[in-house]
Protein chains: 2
Amino acid sequence: MAQESDCCSFFKAVADVNRVKIMLLLARGEMSVSQICGHFKMKQPSISHHLGVLRNAKVVECRKEGKEVFYRLNRCCVDSSCSGFMKRFTDKAEGGEV
Amino acid sequence: MAQESDCCSFFKAVADVNRVKIMLLLARGEMSVSQICGHFKMKQPSISHHLGVLRNAKVVECRKEGKEVFYRLNRCCVDSSCSGFMKRFTDKAEGGEV
DNA sequence: GTATAATATAGACAGAAGTCTATATGTTAT
DNA sequence: ATAACATATAGACTTCTGTCTATATTATAC
């Protein structure tokens, strides 16, 4: 099925405290990078790095407006990844090959 | 709330392909360490290491029987961690402090 | 054009994490 | 007590990851 890498890209993205904090911020609404930076001690490049990880994992999406980039949470990704993951452990069909 | 560390211990545990594979195996039922080893190329100490990570995160539980240790999946942990995590992003109350 | 601002990228570095070999611990059998 | 087996732990090594500084990129303003 080779689905582990996908599932893991989500979970790896979410396995960092600062990234979860960013996600919680974005859960309140769209935010520019500098606005996000305002909530952390980390430097801007570190924030950009985390946003990149979240973006690659489809956990957040962004849109450009002028010189700013606005990020928003992709709740669908969070929900489907979590739900899908749970399901894998109740679905008896899986586990045949590992 | 300082809940991030807990949530992250689960997600860190789950953010590794081999650990997810172990979990999928255990979803089929209780298994001894050597049985688990039989499904991987990794050496036994590596398996034990991963089991330790999963155990610390409460993702699996174990019981000793003679010289063998049987591990089983703690579905409750998986479900509550995933559900709880999803909830944090729909619950508007959170996000006040980060 | 140059300057300034917002974000991303590159590279260095430290610390975390995964895998290995070797060994310790604990359990059963002889 | 000794041996054999199952599992865990310790330590070394390598790779991955998070953070930083410095710089590149892109957009606006002058």
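What you see is a predicted model; the values in this text were computed from it and never measured. Convention: sequence-line order gives letters A, B, ...; per-chain numbering from 1. Hydrogens, waters and symmetry mates play no part in the numbers below; they use all other heavy atoms, side chains included.
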Tell me every residue that passes side chain to side chain contact (heavy atoms under 4.5 Å, CB included) with N18(B), counting only those two or more places apart in sequence or in another chain.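 Listed in chain order: D16(B), K21(B), F40(B), M42(B), H50(B).
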Residues at least two apart in sequence or cross-chain that pass side chain to side chain contact (heavy atoms under 4.5 Å, CB included) with V69(A), listed by chain then number, are V33(A), C62(A), K64(A), Y71(A)
Quick one: is dT7(D) close enough that its OP1 or OP2 comes under 4.0 Å of any side-chain N or O from S34(B)? yes
Would you say a side-chain N or O of Y71(B) is under 4.0 Å from OP1 or OP2 of dA6(D)?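 It does not, given that no N or O in the side chain of Y71(B) lies less than 4.0 Å from OP1 or OP2 of dA6(D).
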Please enumerate all residues that pass side-chain hydrogen bond (donor to acceptor under 3.5 Å, both in side chains) together with [X], with sequence neighbours excluded.
X	result
S48(B)	Q44(B)
S80(A)	none
S34(A)	S32(A)

Can you give me the bend angle of the helix from dG1(C)-dC30(D) to dT30(C)-dA1(D)? Use the axis through the first five pairs and the one through the last five, nearest 10 degrees. 10°
Figure out the [atom1]/[atom2] separation between [X] and [N], and round it to whole Å.
X	N	atom1	atom2	value
I36(B)	dA6(D)	CD1	P	14 Å
Q35(A)	dA5(C)	CD	C1'	15 Å
I47(B)	dA6(D)	CD1	C1'	14 Å
K67(B)	dA6(D)	NZ	P	6 Å

Using side-chain heavy atoms (C-beta onward) and a distance below 4.5 Å, is R63(A) in contact with R72(A)? yes
Do the non-hydrogen side-chain atoms of V20(A) and C8(B) ever get within less than 4.5 Å of each other?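 The answer is yes; the side chains approach within 4.5 Å.
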Please work out which of the three classes, parallel, tilted or perpendicular, describes the rings of F11(B) and F10(A), given edges at 30° and 60°. perpendicular
Non-neighbouring partners of E68(A) that pass salt bridge (charged side-chain N to carboxylate O under 4.0 Å, His left out), sequence neighbours left out: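 In terms of salt bridge (charged side-chain N to carboxylate O under 4.0 Å, His left out), with neighbours along the sequence ignored, E68(A) is linked to no residue.
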Where at least one partner belongs to residues 31-55 of chain A, residue pairs that pass salt bridge (Lys or Arg N to Asp or Glu O under 4.0 Å), sequence neighbours excluded: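 For residues 31-55 of chain A: none.
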Scan nucleotides 11-24 of chain D nucleotide by nucleotide, 5' to 3', and note B when protein non-hydrogen atoms come under 4.0 Å of the base, S if they reach only the sugar-phosphate, - if neither. ------SSBBBB--
Residues in contact with DNA chain D, drawn from residues 59-66 of chain A - heavy-atom cutoff 4.0 Å: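 Residues of residues 59-66 of chain A that come under 4.0 Å of DNA chain D are, in numerical order, K64(A), G66(A).
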Do M86(A) and M86(B) pass the side chain to side chain contact (heavy atoms under 4.5 Å, CB included) test, and can you show the C-alpha distance, the side-chain angles, and the key distance before you say yes or no? CA-CA 12 Å; M86(A) 283 190 287; M86(B) 282 189 287; 3.5 Å; yes
